[in-house]
Trainee: 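Once you've had a glance at the structure underneath, I'll fire off some questions.
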Amino acid sequence: MIWDPDPEDLLEERVRELLERMTPEEKIGQLCLVNGAGGHVPDSLRWDIAGGHVGAVLNEVDLGTVNELQRVAVEESRLGIPLLIGRDVIHGFKTVFPIPVGQAATWNPDLIERGARLAALEAAAAGVNWTFAPMIDIGRDPRWGRIAETLGEDPHLASVLAVAMVRGFQEGALSEGHGIAACVKHFAGYGASESGRDYNTTDIPEIELRNVHLPPFRAAVDAGVASLMTSFSDLNGVPATANALLLEQILREEWGFDGFVVSDWDSVPQLAVHGLTADDRESAYEAAIAGLDMEMASGTYREHLATLVAEERISPHRLDAMAANVLRIKLRLGLSDRWHTDPGVFPVPGDPEHLDAARTTAVQSAVLLVNRDGVLPLSTHELESLAVIGPLADEPAEQLGTWVFDGDPQLSVTPLQALRELLGGSVELRYVRGMEMTRSWSTEGFAEAVDAVRGSDATVLFLGEEAILSGEAHCRADIRLPGVQEELIAELHAIGKPLVLVVMAGRPLALESVVDQVDAILYAWHPGSMAGPAIADLLFGEQSPSGKLPVTFPRVTGQIPIYYAHKNTGKPATPENVVHIDEIPRGADHHSAGGSSFHLDAGHTPLFPFGHGLTYTEFEYSDIRTSREVVSVGETLAVDVDVTNAGGREAEEVAQLYVRDPVASVTRPVRELKGFQRIRLAPGETRTLSFELHTDDLAFHGRDMRRRTEPGRFHVWIGGSSQAHLGTEFEISHPSEE
Ligand code: NOJ
């Protein structure tokens, strides 16, 4: 349960009392989420709120206006029910943290919870009491612009981090007196939009829906999330906004959710555009009977629900249930006692403590993909001059990433500023932009960049994507570095000096064509306000990298979808049976015997696997062992391993545990993440890590859609990526069904 000013039975009594006093129109009013006017209260909105026709407002963050809207609701409407004030607080508010997929690369739930708590505090200072976050769609397609907002490709990682974010928004901040309601989205399947094109159709077999896409939502519901938002997309022929399997059967009947479900922006009238309904009235009907409580932006509920109830197509009981779901959350939030926001009780946005947390998160989110011959960290003692090149080295707004309505670029410290500060006068710094933007096609700036690189001991190149190239409705069909960035890398590589590539981007990019032309790649995502200090610290070894990929990096776009937890197929590829297109002799016979599952021009492996991330030391894993060889269903097993820092620097490592169920009644992935631990080890230090594995952690939905743990032998591995090779086996005895 989240926060709860009243004991639950009292709360239900208050909901009932309120419903008894409400007219059908007032109940419908609670289901209407309308857009704010941005800094003032238009008369129409004032009348609507006073008349009880509005339950929630989004996109109003001017505190005076929010307080006035709330005053009208509380003092001028008949029942005085305060408003929900919703906003996309996605990765920070004024202080911006790394984009969510970057936060996921920290594999650090504590840090993520703290980031959400600080964002909640900053947002609550503007009167916001409800965030449309976290986004917990499974992201397996880097073409999709919204992969930036996801917590990655893996159901377990996304579930753990989703719970951390929900707690941060709702609980953590509450202890400081200012929790805001969270809203997990987009329920469900949005991440599977065909061809990575936003809003596109999704066709997801129910078994995959349940095993892959739904677990983070289930975890968030179990953690007490206040609300869910439906997906824009069509799921197996029934758009999510009117999908009763999702909204009624799974969410209410199976999971027992008692908060409310909101549509996405206009997604109710869009049911007609999908071709599910003929007009707005039928859209309102289909959404309401499927289990959608609140409508965002559009007004089909306001226009048509009363008639639909009067015609007895929607029962009064259904309308009561919808309104009750919203009222319950308003009561749990304690809004009646805190509808007026006094900014004086909040920390100032951009408070040093907030910036410090953003910096730590940015440090831990950066993933060191490549580090040839230990070129990183750079050393101020060994360098006399450094070239800083690239269109993203000094862009305070671009480093913030997508979904930063309220982010304050004035708080940003860019890499160029931070490097100047860190190096002082000790290293001569030559900055050349090289390209106007990452997507520019002009090579005019190359000559100056080449000169700077020639005249310097080493180069750091800041490339990637501006914020606008990812996010909602910003998808790409080709995910290589845009514009002439690859050409710029080739020219600078030819000079032969140490070349470090820092990538800022909203998605995994396909880097195969440049990976051999640079000495190191630090993947920083869009790191937020404190990008500069975080990256400078990492480049110069003040901090050791510790991020791990939350999503697989393909070699080329055509490999998508590519993810580590794939099925084995009947003809798995191995290094021995993969043939490259260049190796096929002229006139070769075409036969399928001995063939396997790979691409002639890309093989079958990713460029960088899920979980990958290097640092400035080496971690060695040894002596994996289980507490028992056989466990019964319902029992717990311990899996231990020794981890040693075998290098010369203190650093953090994320140890990851994967399992495989090699024989089951439905085919299972070749590996699945089931646990992870972030540890810090001094040089030479060895630590024994213990992972607890309950047999329920190995359960899955089978052919009949029921969840069960099947007995048999299991493989288990622990290591520093999804390609960990240190493993052992154990057995689960006795079949069981839940
Ligand atoms: C549309 C987006 O899909 C959703 O994620 C967001 O919360 C709403 N707009 C409100 O801005």
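One-based numbering, in listed order, for ligands and for the atoms of each.
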Trainee: Let me know which of Arg167, Gln364, Gln103 forms a side-chain contact (heavy atoms from CB on, under 4.5 Å) with Ile112.
Mentor: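 Option passing the side-chain contact (heavy atoms from CB on, under 4.5 Å) with Ile112: Gln103.
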
Trainee: Counting only nitrogen or oxygen atoms and a 3.5 angstrom limit, does Trp265 reach ligand 1?
Mentor: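 Looking only at distances, the answer is no, because the N/O contact criterion of under 3.5 Å is not met.
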
Trainee: Give the numbers and elements of all ligand 1 atoms closer than 4.0 Å to a heavy atom of Lys185.
Mentor: 4 (C), 5 (O), 6 (C), 7 (O)

Trainee: Between Glu68 and Arg46, is there a salt bridge with N-O shorter than 4.0 Å?
Mentor: yes

Trainee: Mind checking whether Met135 has a heavy atom under 4.0 Å from ligand 1?
Mentor: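 Per 4.0 Å heavy-atom rule, Met135 does not contact ligand 1.
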
Trainee: Quick test of your reading of the model: are Asp293 and Arg328 salt-bridged, counting only N-O distances below 4.0 Å?
Mentor: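 The answer is no: the pair does not qualify as a salt bridge.
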
Trainee: Any nitrogen or oxygen of Trp403 lying under 3.5 Å from a nitrogen or oxygen in ligand 1? Just yes or no.
Mentor: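 No, there is no polar N/O contact under 3.5 Å.
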
Trainee: Can you sort out which atoms of ligand 1 are near His186, meaning under 4.0 Å from one of its heavy atoms?
Mentor: 3 (O), 4 (C), 5 (O)

Trainee: Enumerate the atoms of ligand 1 whose separation from the nearest heavy atom of Met229 is less than 4.0 angstrom.
Mentor: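 Taking each heavy atom of Met229 in turn, ligand 1 has 4 (C), 7 (O) under 4.0 Å.
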
Trainee: Assess the residue pair Glu295 and Thr300 against the criterion (side-chain hydrogen bond (donor to acceptor under 3.5 Å, both in side chains)); give the C-alpha distance rounded to whole Å, side-chain angles, the decisive distance to 0.1 Å, and a yes or no.
Mentor: CA-CA 8 Å; Glu295 178 177 10; Thr300 74; 3.1 Å; yes

Trainee: Among all protein heavy atoms in this structure, tell me which lies nearest to atom 6 (C) of ligand 1, with the distance rounded to 0.1 Å.
Mentor: Asp88 OD1, 3.3 Å

Trainee: For atom 9 (N) of ligand 1, which of Asp266, Leu33, Asp264 has the closest heavy atom?
Mentor: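 It is Asp264 that holds the nearest heavy atom.
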
Trainee: My understanding is that only one of Thr230, Asn200, Asp198 makes a side chain to side chain donor-acceptor pair (under 3.5 Å) with Tyr190; could you say which?
Mentor: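 Among Thr230, Asn200, Asp198, the one meeting side chain to side chain donor-acceptor pair (under 3.5 Å) with Tyr190 is Asp198.
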
Trainee: Salt-bridged, Arg480 to Asp478, with N to O below 4.0 Å?
Mentor: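 Counted as a salt bridge, because a side-chain N and a carboxylate O are separated by less than 4.0 Å.
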
Trainee: Heavy-atom contacts with Phe132 under 4.0 Å: which atoms of ligand 1 show up? List them by number with element.
Mentor: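 The atoms of ligand 1 under 4.0 Å from a heavy atom of Phe132 are 7 (O).
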
Trainee: Please determine if Asp110 and Arg114 form a salt bridge, counting it only when a charged side-chain N lies under 4.0 Å from a carboxylate O.
Mentor: no

Trainee: Please confirm whether Glu149 comes under 4.0 Å of ligand 1, counting heavy atoms of the residue only.
Mentor: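 It does not; every heavy atom stays at 4.0 Å or beyond.
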
Trainee: Among Asp406, Thr131, Asn129, which residue meets the side chain to side chain donor-acceptor pair (under 3.5 Å) test with Arg87?
Mentor: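 It is Asp406, the one option of Asp406, Thr131, Asn129 that forms the side chain to side chain donor-acceptor pair (under 3.5 Å) with Arg87.
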
Trainee: Is there at least one pair of N or O atoms, one from Asn59 and one from ligand 1, spaced under 3.5 Å apart?
Mentor: no

